[in-house]
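Accompanying notes for the structure given below.
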Amino acid sequence: MLVADKRLSADYSDSYVRINERNGHVQLKTGNEQQLQRSKEQHGQPNSFSKFPLNSGDGQRKILLDCGGNIASTVELFRETYPGGRDFIIHSFEIDSRLAPYFNPFPNHHLHCPVGVAAKDGSMTAFTEAAWSPTRAKNNGKDMQWGGGTLFVSQDEAQNTDTGGKRLLNVRPTIPVVDLSLWIQNHTTKEDYVILKLDVEGAEYDILKKMLADGTFGWIDKYYGEFHHAQPVEGWTVEEKHQLANVQLKEHGQNMLDWQGESRNYADFVQMHPVRVPLKSPGIPGGVYDNCGKTTKIALAFAVGMNAKRARKVVNTISAYRQHLPVTLFIYGDYAELFPEDVKQWKTKFNIGIREDGSYPNDHFSKLPANWVRESLVSAEVRLQELGIQPEYYLPVQLTKTVINEAQKRGFRLVSPTYEFPPKTGMTLEDGNYYKYRDVERIPKALRIIYESLITQSHGGFLIFDTDIPDTRMNIVFLLDYLVENSGYKLVSIANCVESSLESKHAVEEKAPEPVLL
């Protein structure tokens, strides 16, 4: 048996939204006026209110309705990876007021919290978790902090006001709920492009039934979500839930696509992100290249870090060198997002490669599961594509099987430094052998480290500098002069180096003796 509070004392249509002007955008947070005032007093939010704006009808908008916002995992995944995702207006509905801060970093976003979605306007009890503590019991047998909550619980859970039952839902405020079907029709138009994500722990059945009856799917262009057939919902048997999901929706031409924000996946992720690296690009997808074959070629590249000031100094110095050189700049996705004008200017002079979405401490990236690695790579690729750049070569922070596999799926060719500055192996830079010296003394020491690395390998390869290291700018012109005038090496592009690596490999394979069969 299900218990749900369905008192209709609160009318959400008369509630207010708080307008928070932050960095040039507007964030709207909904709830009743008393709740908003209390939140303002607790968190210091500006006391500025206005009615929620109705649809203006001025042309097509792109809108994501994030129903069941939780810790903004859907907002983050959508913004980072969904094609054109940064152009969408996002409305998130979340019943747990504790989770509101998670949405604050995102612009062009409207947070309705604590507000639930339902089949009619009114108010209901939200069953949510208490704050975590080290002595907290397990949630449904698992050690997890669920976040969010539900509008529907079993009889046992409803009666257990002390611990909240097996899901530990012992925080139970009364919150406003909105008729989602009516809200969609009142706040969007059929000309808008609307994506609905509905993950609301059992409330979806009443909502979908009403949307079908109201014809509201005529306003929806794409439907993501999750069904909770095991969730107790008043008035619904398990069979009726399956009937709605598997028959009625399909009879109306609707197909729900699975969305799992917490595991960084949506059902059509692969289809939405086809491989765009040209097949003719030198190298093979997922191939790892760490040399230019048995040649005297050097491919010079720079791992552009997140310190924009240092990166600009390095790149501007290279740009002013007395002759144009085939240099590659490997860029983080976050750098492209935060400093797009830099990257747009750089792409006119240099080849642009890809790094991850941003920097990761120590070896953290190598420990991430596949979907997290995929999100990082796709996010970085999308940021560069937004600037008209399709990267082909990827400089990973670490090489692991997972990293290689995910790069292969994106069509990337991986570059592993043959030589790098500062060196990570061999003679590393320490106070006693490097940093204690003046600039004029450190320069030849750095050049000698690079020279000795080159002669040790006795063949060409990828020479990569980190722009976050201040000495990169100091050393670069002297290094270029050495490479151009005295080294005996030929500076080539990344692509040329990869081609030479492949040619050398093929030559070795062709010369290999036939196996002797015994």
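Just so you know, these numbers come straight off a predicted model, no measurement behind them.
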Assess, by modelled atom type and distance only, whether the side chains of T189 and E191 contain a donor and an acceptor separated by less than 3.5 Å. yes

Quick one: are the ring centres of W346 and F302 less than 6.0 Å apart? no

So H242 and H229, would you call those rings parallel, tilted or perpendicular, with 30° and 60° as cut-offs? tilted

Going by heavy atoms in the side chains, are I331 and I389 under 4.5 Å from each other? no

Closer than 3.5 angstrom, by distance alone: can the side chain of D143 be matched with the main-chain N or O of K138 as a donor-acceptor pair? no

How long is the straight-line distance from CG of L111 back to CD of E94, given to the nearest 0.5 Å? 8.0 Å

Is it true that E129 and R136 have a side-chain N and a carboxylate O under 4.0 angstrom from each other? yes

Taken in chain and number order and not counting sequence neighbours, the residues that satisfy ring-ring contact (aromatic ring centres under 6.0 Å, His included) with Y193 are none

Ring-plane angle category for Y335 and F339, please: parallel below 30°, perpendicular beyond 60°, tilted otherwise. tilted

Does the ring centre of W183 sit less than 6.0 Å away from the ring centre of F93? yes

Do D468 and R310 meet the salt-bridge criterion of a basic N to acidic O distance under 4.0 Å? no

Rounded to the nearest 0.5 Å, the CG atom of L64 sits from the OG1 atom of T74 at a distance of 7.5 Å

Would R374 pass as a cation-pi partner of F269, given that its NZ or CZ must be under 6.0 Å from the six-membered ring centre and within 45 degrees of the axis? yes

Minimum side-chain heavy-atom gap E356-F365 below 4.5 Å: yes

So do K409 and P285 actually touch side chain to side chain, heavy atoms under 4.5 Å? no

I need the minimum non-hydrogen distance between Y393 and S281, along with the two atoms involved. OH-C, 4.3 Å

ring-ring contact (aromatic ring centres under 6.0 Å, His included) involving W219 - partner list, sequence neighbours excluded: none

Whether the D206 and W236 side chains hold a donor-acceptor pair (N or O, under 3.5 Å, no angle test) is what I'd like checked. yes

Any V382 side-chain heavy atom under 4.5 Å of T81 side chain: no

Give a yes or no answer on whether the side chain of R355 reaches the backbone of V304 with a donor-acceptor pair at less than 3.5 Å. yes

Between T402 and P369, is any pair of side-chain heavy atoms under 4.5 Å apart? no

Checking W259 now: which residues fulfil ring-ring contact (aromatic ring centres under 6.0 Å, His included) with it, not counting sequence neighbours? Y224, Y266

For the residue pair Y332 and E337, confirm or rule out a side-chain donor-acceptor distance under 3.5 Å. no

Between V277 and Y394, is any pair of side-chain heavy atoms under 4.5 Å apart? no

Nearest heavy-atom approach of V75 to S92 is CG2-OG, 3.5 Å

Pairing residues for D214 by the salt bridge (Lys or Arg N to Asp or Glu O under 4.0 Å) criterion, not counting sequence neighbours: K210

Quick one, L196 with L180, criterion side-chain contact (heavy atoms from CB on, under 4.5 Å). Give me CA distance, side-chain angles, the key distance, then yes/no. CA-CA 11 Å; L196 170 64; L180 182 61; 4.3 Å; yes

Just checking, is any N or O donor in the side chain of E201 or T150 under 3.5 Å from an acceptor N or O on the other one? no

Above 12 or not: heavy atoms from other molecules or residues under 6.0 Å from NZ of K209? no

Salt bridge present between K197 and D66 (N-O < 4.0 angstrom): yes

From I95 CD1 over to N70 CG, what is the distance, rounded to the nearest 0.5 angstrom? 9.5 Å

Scanning both residues in full, the closest heavy-atom pair of C67 with V200 reads O-CG1, 3.5 Å

Kindly compute the distance separating CD (E157) from OG1 (T163), expressed to the nearest 0.5 Å. 9.5 Å

What pairs meet the salt bridge (Lys or Arg N to Asp or Glu O under 4.0 Å) rule with one or both residues in residues 250-267, with sequence neighbours excluded? R264-E375

Test item: D121 side-chain N/O and D179 main-chain N/O as donor-acceptor pair under 3.5 Å: yes

Interatomic spacing from CD in Q254 to CZ in F217 - rounded to 0.5 Å: 5.0 Å

Tell me, do I175 and L151 make a side-chain contact under 4.5 Å, heavy atoms counted? yes

Does a side-chain heavy-atom distance below 4.5 Å link I284 with Y289? yes

By ring-ring contact (aromatic ring centres under 6.0 Å, His included), F78 pairs with (sequence neighbours left out) Y82, F88

Any side-chain donor paired with an acceptor under 3.5 Å for N371 and Q260? no

Return yes if a side-chain donor-acceptor contact under 3.5 Å exists between N104 and H109, otherwise no. no

Mind running salt bridge (charged side-chain N to carboxylate O under 4.0 Å, His left out) on R86 and E386 for me, showing each step along the way? CA-CA 10 Å; R86 294 203 296 166; E386 289 169 348; 2.7 Å; yes

Would you compute the distance between atom CG of D96 and atom CZ of F127 and round it to the nearest 0.5 angstrom? 13.5 Å

